[in-house]
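Since the structure comes first, as structure tokens, the remarks are kept for the end.
All values derive from a computational prediction rather than experimental measurement. What you see below is based on every heavy atom in this structure, not just the backbone, and it leaves out hydrogens, waters and symmetry mates.
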Amino acid sequence: MKGLYFQQSSTNEEITFIFQERENLPVTEENYVKLQVKACALSHINTELLAEMKMEKDFFPVGREIAGTVLEVGSKVSFFQPDDEVVGILPLDSEDPGLCEAVRVHEHYLVHKPEKVTWTEAAGTIRDGVRAYTALHFLSHLSPGKSVLIMDGASAQGTIAIQLAQHRGAKVISTACSLEDKQYLERLRPSLARVIDVSTGKAHVAESCLEETGGLGVDIVLDAGVRLYSKDDEPAGKLPLLPHKHDILTLLGVGGHWVTTEENLQLDPPDSRCLFLKGATVAFLNDEIWNLSNVQQGKYLCILKDVMEKLSNGVFRPRVDEPIPLYEAKGSMEVVQKNQGRKKQVVQF
């Protein structure tokens, strides 16, 4: 059977996706489960993080958000039996690509898939659900009545974050990067407090948020990246529609929480002074935090279970594209790696 892998160039700038023939999986180990993969979602690969964690390989497996049927269980597996339908996220150091017919995974990375949830929905929601929980619950302590600004809410990640915030009783403001995104966000139910269309360059995010909150500022900001410099000095890879860090500091309310995805955020002394005067905090959203730190595994499983429960109950309505066959995964991953897709891409077997 074939699996999808990526190979990085010697300059570490470009990666190439290739299919490779795999040997049959060995006998299932004690706490491991062998799965027949039914669906696998595609997500951007953080090659810099892999290099930093010394996880570089000649060929690195691709695809980690999987849903499938249990084929075999190890002698010490206690949560699953053959024919169970499960969903989970393969760990960062997994040797098996999710984009393959069968994989091995430790049982502590899996939960049962609700019966009425499709394979595509399960695989396409699990990672964005964990991300939203990490940002809004663990990093910013979301509670009813809070005002939340979610940048680029029409993205697959932003959509789930909006739905979780609204479910918790928050007042949600979001930015749209195109007319199509604006129309999508305006159709969401329940309705958002405000949609800020930044595609024309005329809307000012800070002013709009302060106007919406009566000058108080928002309680929680979940960004999708920020500009650290002026537009002329910003690196070429930065999207011009991203807000400047000073905009975030301006619109953040007293005691507010700024959750950022900007790995290299630079705060100058005046920026820190602004945060100090507001009693505000900055937290970094790392998608892999549950893989890289010694957190309680039970807490992680609770998140996975709750994501599936909310998907089953209709709280989460993911923005998932039409499923694609495995032979199209290579081209789709190239698009995903360039951050050019809007909807979640899922390969269905």
Which residues pass the side chain to side chain contact (heavy atoms under 4.5 Å, CB included) test with S178, sequence neighbours left out?
E180, D181
With F6 via ring pair (Phe, Tyr, Trp, His ring centres under 6.0 Å) - residues at least two apart
F60
If the condition is ring pair (Phe, Tyr, Trp, His ring centres under 6.0 Å), which residues does Y109 pass it with, not counting sequence neighbours?
none
Using the test salt bridge (Lys or Arg N to Asp or Glu O under 4.0 Å), find all partners of D96 that sit at least two apart in sequence or belong to another chain.
R22, R104
Quick one: name the residues clustered hydrophobically with Y327, using the 4.5 Å side-chain heavy-atom rule over I, L, V, M, F, W, Y, and just say none if it's on its own.
none
Less than 6.0 Å separating the ring centroids of W290 and Y133?
no
Group every Ile, Leu, Val, Met, Phe, Trp and Tyr by side-chain heavy-atom contacts under 4.5 Å, then state whether V346 and L42 land in the same group.
no
Can you tell me how far CD1 of I220 sits from CD1 of I150, rounded to the nearest 0.5 angstrom?
9.0 Å
Under the ring-ring contact (aromatic ring centres under 6.0 Å, His included) definition, can you give me all pairs with a residue in residues 182-215, not counting sequence neighbours?
none
Indicate the atoms forming the closest heavy-atom contact of N46 with E263, along with that distance.
ND2-OE2, 3.0 Å
Apart from Y5 itself, members of its ILVMFWY cluster (side-chain separation under 4.5 Å) are I18, F59
Would you check if E107 and V73 make a side-chain contact, meaning some heavy-atom pair closer than 4.5 Å?
no
Flag for D83-T69: side-chain donor and acceptor within less than 3.5 Å
no
Please report the interatomic distance CG(L49) to CD(E288), rounded to the nearest 0.5 Å.
6.0 Å
Contacts satisfying side-chain hydrogen bond (donor to acceptor under 3.5 Å, both in side chains) that involve residues 312-322 (not counting sequence neighbours) are D321-Q345
Set of residues satisfying ring pair (Phe, Tyr, Trp, His ring centres under 6.0 Å) with respect to F17, sequence neighbours excluded
none
Are K245 and D223 ion-paired here, with the side-chain N under 4.0 Å from a carboxylate O?
no
Around atom CD of E328, are there more than 12 heavy atoms of other residues, nucleotides or ligands at under 6.0 Å?
yes
Taking the six-membered ring where the residue is Trp, are the ring centres of H167 and F316 under 6.0 Å apart?
no
Do V70 and Q81 touch side chain to side chain, with heavy atoms closer than 4.5 Å?
no
Partners of H246 by ring pair (Phe, Tyr, Trp, His ring centres under 6.0 Å), sequence neighbours excluded?
H244
If you group Ile, Leu, Val, Met, Phe, Trp and Tyr whenever their side-chain heavy atoms sit less than 4.5 Å apart, what else falls in with V335?
none
Is the shortest distance from a Lys or Arg side-chain nitrogen in E334 or K338 to a carboxylate oxygen in the other one below 4.0 Å?
no
Do any side-chain atoms of residues 278-285 form donor-acceptor pairs under 3.5 angstrom with protein atoms, and if so which ones, sequence neighbours left out?
{"unit_1": "K278", "atom_1": "NZ", "unit_2": "L249", "atom_2": "O", "d": "2.5"}
{"unit_1": "K278", "atom_1": "NZ", "unit_2": "T250", "atom_2": "O", "d": "3.2"}
{"unit_1": "K278", "atom_1": "NZ", "unit_2": "L252", "atom_2": "O", "d": "2.7"}
{"unit_1": "T281", "atom_1": "OG1", "unit_2": "H257", "atom_2": "ND1", "d": "2.8"}

